[in-house]
Amino acid sequence: MILLLTLLITLQHVTNHVTNALPSGHGKPLGEHNDLKTPAVEEDYTKITSQYFYEKYIRTRTPVILRGMAKSFPAFDLWSDEYITEHFGDLEVRLEAKTEKETFTPLGEVGLGRASFSEFFRRYKTDNMYCVSEVPEPMYKDLILPGIMNCGTLKDSLVEMNMWINSGGAKSIIHKDAHNQLNCLLAGSKDWIFINNTYNEWIYQAEEIDGDQGGFSLVNPDSVNYKTFPLFSQIPWEYATVHAGDCLYLPPRYYHRVKSTDRNFAVSFLFGTKSEFDMPDCEQPTAAVPLDTVPVQWKYPGSGMMSMGNSDPAHVREWFIEIFMEMTEGDASESVPMEDYIEFLIDDEGVIPYMKELFHQLLVEEKVLGDSENVDRNLFDLLPEEIWRQLTVAQSYDPSNDPNSEFYHIPKGDVVNVLKDATYYGPVNRDQFVEAYRKIDGSLRVGGELFDMFSLDGETVSWYDVRDKDGILDVFGQEHDRGDEEMWIRNEEVKRLAKEDLRQSMADTKTEL
């Protein structure tokens, strides 16, 4: 009995010791997890120049809140749900669940993870639906490039324009993005927490495709676990609440977590991936200009394939140069055999096979730069911008940007089974066919397109029609694992169009040379 009591007391002592050893923030949400916090810096944007903004914040990689900057945007007053529905209702946006990295993808009439503005605004207040999309180009006219960005190479560095709309209750994981960004809130409020990526080793980053640029932490921000992630307790952090009309500058690869409690509408100017820009004559104030007068690297017309998350072509070019310099051991005056360079590309974990294929076609088959059999440093300067764009598309292809993304998510067997059940005992009309396809989370649009492809008379589809044209369904269940041999570019139509664009670009380049 005494021995049993001794064991129980010992176990209790060990348990108490372990419990007491954990920091007090264990199990609490991010923001209550430790006291190492400081408020984010704020600036009066009307009193600073482009040069000041660049030197103090962009070069030093320091977040800053710019209160009231977005109130000068026409969109700040115009962009109600009703206004957008009336003026831009047919434009398409990308959808996600309200909680980032949730496996659920909302189904829109246009496709899985895709809806028109009209449909989105009908549903987003009641459904688990969050617009995380590129800003369609027709909406640029209601936005402006702030004066502090309208100078030097900064004004020509916009990569893409993104937008976030939700009815409240949205929250992100702890993550970082590849680009500099100016995030401006048009409606609602957002609570931000920032963590400098100098603490990358303590943040427990998940392995991602683009881990050196974007990425996310394995720490659950709703309940920080110090047993599993003990070093996280030592990280200092900054915080800010951003209100409608405010803008926030966030440096590239700076970890952050965002929460919203009410209806939110934000737009973000993504520019460059580095902290160095050429800023001559930028010491005087510069005027804001309409966004539709400013070059943006990746534009989305409002339907079809998006380019959200694409790399900056300038970054891809620098990457190829770095591979060349690695081969020459840092000697820019050297040259290497063309075939050796192309073969060396595949050894870099980021260069996917399709990029190598495009580069080989460009330089060896099409001989866009002549008959040279060697690669030197000048080659990368001679290749036109459009070529680097195509190489970037190959590297950045993301199925969630595709309006046909349901092809990647729905197995072919599921489509065959549901259509067999619907048509086996007799022909079905369009409505019945589409209703059957919708049972497996298929969209109205794709369901209608499949009906048109299977139907012989335009009125009905039978099981014999489906069985005899089974090859139509081969587009379903496509793999898109970056680790696979064919990584990313599985859609033959995308590949065909990319090659057509390349051929035209190469023909234009030959003419110029």
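Just the heavy atoms: all of them, side chains too, but no hydrogens, waters or symmetry mates, feed the values below. The structure displayed is predicted, hence computed values, not measured ones.
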Aromatic rings Tyr437 and Phe476: how do their planes relate, parallel, tilted or perpendicular, breaks at 30° and 60°?
-> perpendicular
OH/Tyr424: more than 12 non-hydrogen atoms of other groups inside 6.0 Å = no
Side-chain (Ser455) to main-chain (Val461) donor-acceptor, under 3.5 angstrom = no
Under 3.5 Å, side chain of Ser307 to main-chain N/O of Asn310, donor-acceptor pair present?
-> no
Side-chain (Gln432) to main-chain (Asn429) donor-acceptor, under 3.5 angstrom = yes
Taking the side chain as C-beta and beyond, is there a heavy-atom pair between His315 and Thr392 under 4.5 Å?
-> no
Val289 versus Val294: any side-chain heavy-atom pair under 4.5 Å?
-> yes
List the atom of Ala75, the atom of Leu143, and the distance in Å for their closest heavy-atom pair.
-> CB-CD2, 3.8 Å
Taking C-beta and beyond as the side chain, do Glu82 and Ile84 meet within less than 4.5 Å on heavy atoms?
-> no
Leu154 and Ile58, any side-chain heavy atoms less than 4.5 Å apart | yes
Met453 backbone acceptor or donor facing Lys469 side chain under 3.5 Å | yes
Can you run down the disulfide bond (SG atoms under 2.5 Å apart) pairs that involve residues 156-191, sequence neighbours left out, and say none if there aren't any?
-> Cys184-Cys247
Take Trp192 and Asn183, measure what side-chain contact (heavy atoms from CB on, under 4.5 Å) needs, and give me the verdict at the end.
-> CA-CA 11 Å; Trp192 290 74; Asn183 189 291; 4.0 Å; yes
Fit a plane to each ring of Phe320 and Phe359, take the angle between them on a 0 to 90° scale, and name the class: parallel (under 30°), tilted (30 to 60°) or perpendicular (over 60°).
-> tilted
Using the side-chain contact (heavy atoms from CB on, under 4.5 Å) rule, take Val93 and Glu134 through it: C-alpha gap first, then chi angles, then the decisive distance, then the call.
-> CA-CA 7 Å; Val93 292; Glu134 283 185 85; over 6 Å; no
Going by distance alone, is a donor N or O of one side chain under 3.5 Å from an acceptor N or O of the other, for Gln297 and Glu385?
-> yes
Just by distance, do the side chain of His256 and the backbone of His175 share a donor-acceptor pair under 3.5 Å?
-> yes
Would you please indicate yes or no on a ring centroid separation below 6.0 angstrom for Tyr124 and Tyr130?
-> no
Do Leu248 and Leu66 have side-chain heavy atoms sitting under 4.5 Å apart?
-> no
Taking atom CZ of Phe380 as the centre, report whether more than 12 heavy atoms of other residues, nucleotides or ligands fall under 6.0 Å from it.
-> yes
Pairwise side-chain contact, Glu137 with Tyr300, heavy-atom cut-off 4.5 Å (strictly under) | no
Non-hydrogen atoms of Arg94 and Asn401 that approach each other most closely = NH1-OD1, 3.2 Å
Once you round to the nearest 0.5 Å, how far does OG of Ser443 lie from CD of Glu449?
-> 7.5 Å
Measure the spacing between CG of Asn166 and SG of Cys131 and express it to the nearest 0.5 Å.
-> 9.5 Å
Test Glu92 against Ser116 for side chain to side chain donor-acceptor pair (under 3.5 Å), laying out the working first.
-> CA-CA 4 Å; Glu92 299 171 10; Ser116 66; over 6 Å; no
Enumerate the residue pairs fulfilling salt bridge (Lys or Arg N to Asp or Glu O under 4.0 Å) with a member in residues 302-314, sequence neighbours excluded, ordered by first and then second residue.
-> none
Between Asn180 and Pro252, the two heavy atoms sitting closest are OD1-CD, 2.9 Å
Would you please test Ser167 and Lys98 for side chain to side chain donor-acceptor pair (under 3.5 Å) and show each step?
-> CA-CA 9 Å; Ser167 60; Lys98 286 187 177 181; 2.8 Å; yes
From Tyr140 OH over to Leu291 CG, what is the distance, rounded to the nearest 0.5 angstrom?
-> 6.0 Å
Can you measure from CZ (Arg389) to CZ (Arg317) and round to the nearest 0.5 angstrom?
-> 15.5 Å
Using the ring of each side chain (for Trp, its six-membered ring), is Phe271 parallel, tilted or perpendicular to Phe277, with breaks at 30° and 60°?
-> tilted
For residues Ser217 and Gln205, is any side-chain donor paired with an opposing acceptor at under 3.5 Å?
-> no
Minimal heavy-atom distance between Ala115 and Phe120, with the atoms involved, is CB-N, 4.5 Å
What distance separates Gln361 CD from Glu366 CD, expressed to the nearest 0.5 Å?
-> 5.0 Å
Result of checking Asp81, Ile165, Asp90 against Phe117 for side-chain contact (heavy atoms from CB on, under 4.5 Å) | Ile165
Measure the acute angle between the ring planes of Phe451 and Phe433, then classify it against the limits of 30° and 60° as parallel, tilted or perpendicular.
-> perpendicular
Heavy atoms, side chains only, cut-off 4.5 Å: are Asn404 and Arg445 in contact?
-> yes
Examine Phe265 together with Trp164 and report whether their ring centres are nearer than 6.0 Å.
-> no
Using the side-chain contact (heavy atoms from CB on, under 4.5 Å) rule, take Thr105 and Leu95 through it: C-alpha gap first, then chi angles, then the decisive distance, then the call.
-> CA-CA 7 Å; Thr105 300; Leu95 307 177; 5.9 Å; no
Would Asp402 and Arg114 satisfy salt bridge (Lys or Arg N to Asp or Glu O under 4.0 Å), going step by step from the backbone distance to the final call?
-> CA-CA 9 Å; Asp402 192 335; Arg114 185 72 69 99; over 6 Å; no
Shortest non-hydrogen pair, Phe121 vs Thr85, comes out as CD1-OG1, 3.5 Å
Side-chain donor/acceptor of Thr460 to backbone N/O of Val428, under 3.5 Å = no
Around atom NZ of Lys259, are there more than 12 heavy atoms of other residues, nucleotides or ligands at under 6.0 Å?
-> no
Are Lys155 and Leu145 close enough, and set up right, to give a side-chain contact (heavy atoms from CB on, under 4.5 Å), and what steps lead you there?
-> CA-CA 8 Å; Lys155 67 177 172 30; Leu145 183 73; 4.3 Å; yes
Considering non-hydrogen atoms only, spot the tightest contact between Glu119 and Val110 and give its length.
-> OE1-N, 4.3 Å
Any side-chain heavy-atom pair of Asn264 and Leu185 under 4.5 Å = yes
Considering the options Asn197, Asp177, Asn200, Asn196, which one meets the side-chain hydrogen bond (donor to acceptor under 3.5 Å, both in side chains) requirement together with Tyr255?
-> Asn200
Report the distance from atom OG of Ser462 to atom CG of Leu456, rounding to the nearest 0.5 Å.
-> 7.0 Å
Got a sec, which pairs hit salt bridge (Lys or Arg N to Asp or Glu O under 4.0 Å) with one end in residues 428-441, sequence neighbours left out?
-> Arg430-Asp452
Short side-chain donor-acceptor distance under 3.5 Å, Ser189 and Asp191 | no
Short N-O contact, Arg122 and Asp127, less than 4.0 angstrom = no
When the aromatic ring centroids of Trp463 and Tyr425 are compared, is their separation below 6.0 Å?
-> no
